[in-house]
Amino acid sequence: MSPSQFPVSLPTLRERISRSVSDLFGSYAFLALALAWLAISAAALAHKWSQVEHDKTLLSARLRADLENILAQQEALNRSPVLWTGLTDSMGREAYMLPLVKEINQSPELRFQVLDYLGREVVGLVLPGLAPDAYLPVVSEAMAQRRALLRPVPRPQRSGLLVLVVPIVSPQSDDPVGALMASYDPFAAMDRLKLLAPDTGARIAVGPAAIGHGGIDAFVLTRTESIQLGEPARALGLTLTYIDSYRNLLLALAALLALFWGLTRLARGVVMRKSQKVARELTERLDRLVTICDEIAGGTRTLPDTDPHGDEISRLTNSLRSALVEQQGLADRLRPVARVFDTSAQAILVTSPAGEILDVNPALLKLTGYERAHLLGHSAGKLYRDQTAPAQTTEIRRSLREQGFWRGETQVRRADGQTVPVMYSVSRFSDEFGADRGYVTSFSDISEIKSTQRMLHDLAMRDALTGLPNYRAISAHLQPLLAAESSAGKDFVLLFIDLDRLKNINDSFGHEGGDDVIRQVALYLQDNLPKPHYLSRRSGDEFICTLEDYASFESLRQSLEEVFRRVAVPMRLSSGETLQVSFSVGAIRHAAGESVTLRELLVGAGNALQAAKEMGRAQICWHNPALAQRRQRRLRVEQRLRHAIEQGALAPHYQPELDMRDGRIVAFEALARWTDEQLGPVSPAEFIPVAEETGLISAITELMFRKVLADLPTLRQHFPRVKVAFNTSPGLLEKDGVFALLAELNASHSGLCEALELEITETHLAGVSTAFMAQLQSIIGLGVQVAIDDFGTGYSSLSRLAAMPVHRLKIDASFVASIHQESYRRVVQTILSLSSALGLEVTAEGVETEAQRSALLALGCHRGQGWLYARAMPLAQVLALSQRLEASLVES
Amino acid sequence: MMATHPGFRRMRFLFLGIGLFALAGASLAASDPVYIGFDGAYGQKTSTSAPAIERGVRAAMEDINRRGGVLGGRPLRLVTTDNQGVSARGRDNFIELAQKKDLMAVLGGKFSPVTVEVLPHAQALKLPIISVWGSADPITDHADRPSYAFRLSLKDSWGVEAMMAHAVRRYRAKTACALVPNTSWGRSGDAVIKARAAAVGLKVPLTHWYNWGDQSFAGFLADCERARVQAIVLIANEREAAVLLKEIAALPPERRLPVVSHWGVTGGVLHELAGEALGQVRFEVVQTFSFVGNRRPQARALAARLMAEGGFASEAAIPSPAGSAHAYDMTQLLAMAVNRAGSTRREAVRDALERLPAYDGVVRRYARPFTPERHDALDAGDVLFVRVEPSGALLPIGRR
């Protein structure tokens with residue numbers, strides 16, 4: 001590579017080495033001298049600071065000692081009668097006062113003055129001192145306060161003085177007779193300590209109101225100390241401020257800095273010359289190496305000779321040699337890898353970091369149908385542009401960025417435009433320095449796998465018998481429709497279709513036939529249900545269908561009513577037979593946005609279906625809230641009823657049966673009554689159907705029966721010879737249950753059976769079996785009489801009635817209630833005639849009015865029961881009844 | 001006239017007002033007081049002299065004012081100041097009093113140094129200073145002429161001589177010690193002792209100078225014993241006299257020297273300070289005057305008044321009697337002088353004092369109170385000695 005290829009021409013290596021060495025040395029020299037200068041400066045300043053502190057301490061100690069001495073001297077003088085006398089004396093006192101004053105005024109920096117009570121000098125000793133104006137305020141204050149005072153006092157053109165004034169109080173009077181004042185020149189005292197020699201630049205100031213000594217300029221260190229004399233209460237205090245200039249020090253340090261700078265400059269010149277020589281020596285062999293490299297690049301040489309010198313250039317030469325040798329070896333080793341690339345079944349794609357296709361293998365060309373030339377140099381996006389979902393593209397990019405690879409299913413586009421599903425793996429590859437060098441992508445065609453997967457999915461979602469979607473499929477279908485938030489949420493109708501009586505069909509045609517019917521039904525439903533619809537088979541004979549996208553709900557409803565109104569739909573089986581089927585359908589409408597779960601929806605539809613079945617099948621019943629409530633109540637009643645039976649919470653109430661002619665009680669009918677602790681009183685009209693439907697009726701019968709039997713002795717004791725009628729369930733009658741119970745009773749309470757009357761309904765007689773008849777006979781054999789309850793509502797054949805061992809007919813209350821109508825009156829009359837002919841006794845039920853009683857009596861029906869006399873009541877109330885009852889209600 | 005013009009009526013009131021004002025002005029000038037100043041050591045805690053002098057002045061002023069005052073009806077008034085015995089204060093007080101209009105003279109009190117201190121100012125300000133207690137000779141014995149200093153009091157030159165003579169006569173003393181204060185008073189007394197001791201036949205081999213406030217004279221007493229003297233001549237005030245008396249009384253009776261004292265001690269509450277020591281030491285004090293046994297009607301009258309006004313039980317109980325008597329007489333003399341001068345002009349008053357006629361006062365009859373050559377109203381003939389009773393009463397002993 002020739003130097004002209006560099007964008008910027010650099011100085012030669014030799015120049016740079018020479019300059020760097022001199023720069024480096026210059027920097028070191030500068031740094032070392034700067035550090036030295038800083039250290040010297042810091043040390044000098046620290047020393048100066050400690051010197052100032054030391055001097056200040058020395059000064060303050062000296063000042064304190066001097067002032068304390070002065071104060072002690074003053075206080076001694078103030079106790080001297082000589083002063084007291086002198087201050088009261090007149091002419092001639094100089095004789096003894098002057099020697100005294102001279103004696104105490106020995107020091108040039110300390111002057112004592114005896115002052116009168118107004119601060120005027122008493123002894124006219126000529127001493128250099130303060131002007132009275134300067135100290136008089138201090139004297140006045142000391143005299144007024146009658147205590148010693150220490151004050152700094154300034155002097156014009158000179159440093160100030162410290163004035164210590166002590167009032168003189170003689171024993172003869174209360175007021176001070178004068179004062180003794182000491183004026184002290186602290187600066188003179190300090191000067192004597194040689195601390196404040198002019199060349200040091202040190203100063204002091206004494207405060208509170210500072211009296212300075214000498215000028216104070218910039219670059220000063222200031223230290224202040226408070227000095228207290230005597231007891232704190234005397235407040236003899238002042239502040240000493242010691243000021244020292246460090247200007248000279250700064251000047252010296254600046255000179256030192258200048259010297260160091262000059263030295264640095266000098267050193268640089270010397271080093272420059274030396275460094276040029278060093279650079280020449282260093283680069284001589286490097287130049288040789290450059291020549292060798294040029295030769296290798298130019299092809300005139302393959303390898304550099306081994307350099308035996310052992311220095312860095314030698315190592316560089318040898319390394320270059322090793323690298324060239326290794327590169328040749330590497331090229332040899334890479335050949336098999338290239339073979340793998342070429343022969344791999346996986347399509348392989350190498351792209352640059354920018355996504356440009358660098359290489360592809362033959363497998364890729366085969367899979368995509370492209371020619372190599374169509375791909376190399378193009379963007380890899382050509383292979384899957386517009387095919388992958390944007391979300392997936394983003395995910396792939398994110399994964400590559402964060403983890404360096406991505407693996408998953410996607411699609412690539414073939415040259416012919418078709419897309420191929422592929423298992424796709426892309427990873428980033430980088431060089432040994434971590435720099436991004438591009439991506440290696442490999443993928444394989446997974447079309448086969450995908451189609452297998454689809455088939456499996458279909459199998460999982462399809463009913464094998466009918467080919468319709470199965471329950472799982474419709475669940476999946478419904479889930480998005482139910483999503484309240486989803487945009488997919490919309491109105492739809494769900495049908496729960498149940499083929500009526502499949503069991504019978506299976507019984508008749510076998511399961512093969514049943515399956516055949518199911519298939520036919522599926523086809524029938526698919527053809528006949530309004531379109532579009534989504535029909536699925538849930539299980540057995542249950543189908544679930546959703547109807548969406550209908551124009552009008554009402555028209556849909558009508559269409560559905562028509563489809564399912566047909567009681568008999570003819571189905572032709574594969575065996576050639578034809579049968580009629582009908583459907584019970586529960587329908588539920590779902591409004592878009594309603595928050596309903598699939599389960600709730602199915603329960604709603606299930607309730608409607610149940611209602612349809614309860615209403616006699618072969619019809620469609622729509623879910624509504626009342627229905628749901630009714631279902632709920634029924635379920636609740638059923639649940640509580642089971643509990644009540646377990647707990648024996650049902651009790652017999654007794655309704656008297658009378659001879660209506662005289663009101664004499666001749667019998668009671670035991671009726672089951674139930675008051676639930678949670679539901680309250682539950683009407684037999686509600687719980688008896690539930691009990692019948694769920695089969696609990698037998699348990700109730702048995703429970704009632706046992707309770708009645710328990711009450712019977714008491715009842716008979718109170719009402720001798722009355723009979724007690726009780727009801728039973730068909731189930732018990734079928735299975736010898738009643739007989740077993742009665743036999744058990746007869747064994748323990750002989751004779752009680754004769755007091756019982758078993759009431760069976762007319763409908764019981766409809767499909768009587770021989771077993772039933774046998775049991776009935778056995779029961780009668782025990783002495784129990786049999787009555788037919790609700791007579792007239794069913795349709796008993798006379799012949800069967802005649803053949804039955806029946807003792808009594810009970811006319812249904814509906815006839816009694818309508819007895820004022822002629823037709824009903826005739827029916828009652830006919831029944832009475834019939835019973836008379838068959839030798840049966842008759843009791844009218846539901847006698848509620850006096851008119852009914854009269855009508856019945858007029859027709860010859862003497863026995864009756866009903867609210868006209870009494871309602872069914874618990875045993876305790878029954879026992880309170882008299883033997884005869886009056887009609888209690890007026891005609892309503 | 002029924003219809004007087006309102007303006008005229010107002011004018012009439014105006015004239016009336018002017019007339020009244022003129023009359024009031026004249027009478028005000030006629031009754032302006034004439035002042036006498038007194039600078040006393042009121043603030044001295046143990047001194048009784050200043051109130052005694054004031055009582056004398058006030059008694060005289062009452063008498064004078066009752067008779068119509070001075071200068072044709074102007075009352076005399078007293079102005080007092082307190083020097084506390086401090087000379088600087090006395091000087092300042094004097095200078096201040098000098099500022100006062102119609103103040104004709106200032107009386108000086110017990111402390112001679114204060115009066116001595118004032119002298120140059122009296123001369124300079126031409127304000128008479130008249131000592132009614134101070135005994136120091138320099139008060140009147142100086143070269144200033146015309147002198148503004150007068151005295152109606154004991155004078156050391158004859159007072160101290162009388163004390164020495166008393167020691168010789170009373171205690172047969174041939175030698176005596178002197179105890180003198182380190183003041184101009186002491187120096188005045190010392191000068192007399194030195195000059196006149198020999199004349200009265202007494203040797204004074206030892207003079208001790210003390211300072212105010214000295215707490216003991218034990219050394220002095222020992223010196224006296226060693227000098228074998230027979231008496232002590234004391235120039236002192238009550239405080240130092242009490243110290244001395246107590247120290248003498250503490251000695252055995254045979255070693256207790258008699259003391260002849262200057263009268264400074266009677267200007268204070270010596271009896272209170274000395275207590276029992278007074279009865280145990282022979283202690284006699286020079287005086288110029290006593291109410292006790294005094295037959296002069298003027299003295300008796302003043303005694304009666306002081307007793308009545310001051311609530312004193314007896315003549316003997318009147319404190320510092322000489323002070324009151326001197327002050328009374330001097331006030332009378334000043335009243336005479338101002339009348340003679342015809343105005344409160346101080347030079348005139350001073351001149352009038354030198355030319356006063358005879359006056360029969362409380363202390364004595366003054367034939368000519370002062371002359372240009374003699375500014376002392378009293379003389380050696382007025383001397384008497386008293387004993388100080390423990391009650392403070394001064395009882396004369398053998399009037400000469």
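Lettering follows sequence order; numbering is per chain, from 1. Because the structure is a prediction, the values reported are computed rather than measured.
The number of heavy atoms from other shown groups lying within 6.0 Å of CD (B/Q215) does not exceed 12. Remark: B/E96 CD is loosely packed, at most 12 non-hydrogen atoms of other residues, nucleotides or ligands lying under 6.0 Å away. Heavy-atom contacts from other residues, nucleotides or ligands closer than 6.0 Å to CD of A/E68 number more than 12.
A/T88 places no side-chain N or O within 3.5 Å of a backbone atom of B/S87 that could act as its donor or acceptor partner. A donor-acceptor distance shorter than 3.5 angstrom exists from the side chain of A/D89 to the backbone of B/S184, with no hydrogens or angles considered.
At least one side-chain heavy atom of B/N182 sits less than 4.5 Å from a side-chain heavy atom of A/Y96.
Considering every non-hydrogen atom in both B/W212 and A/W84, the closest pair reads O-CE3, 3.3 Å. Residues B/R187 and A/R93 come closest through the heavy atom pair NH2-N, 3.5 Å. Considering every non-hydrogen atom in both B/E117 and A/S90, the closest pair reads OE1-OG, 2.8 Å.
Of the atoms belonging to B/P120, not a single heavy atom falls under 4.5 Å from chain A. In this structure, no portion of A/L83 lies under 4.5 Å from any heavy atom of chain B. In this structure, no portion of B/E238 lies under 4.5 Å from any heavy atom of chain A.
Screening A/L87, A/D116, A/D175 for a side-chain contact (heavy atoms from CB on, under 4.5 Å) with B/R89, the sole residue that qualifies is A/D175.
No hydrogens or angles considered: a donor-acceptor pair under 3.5 Å links the side chains of B/D92 and A/Y117.
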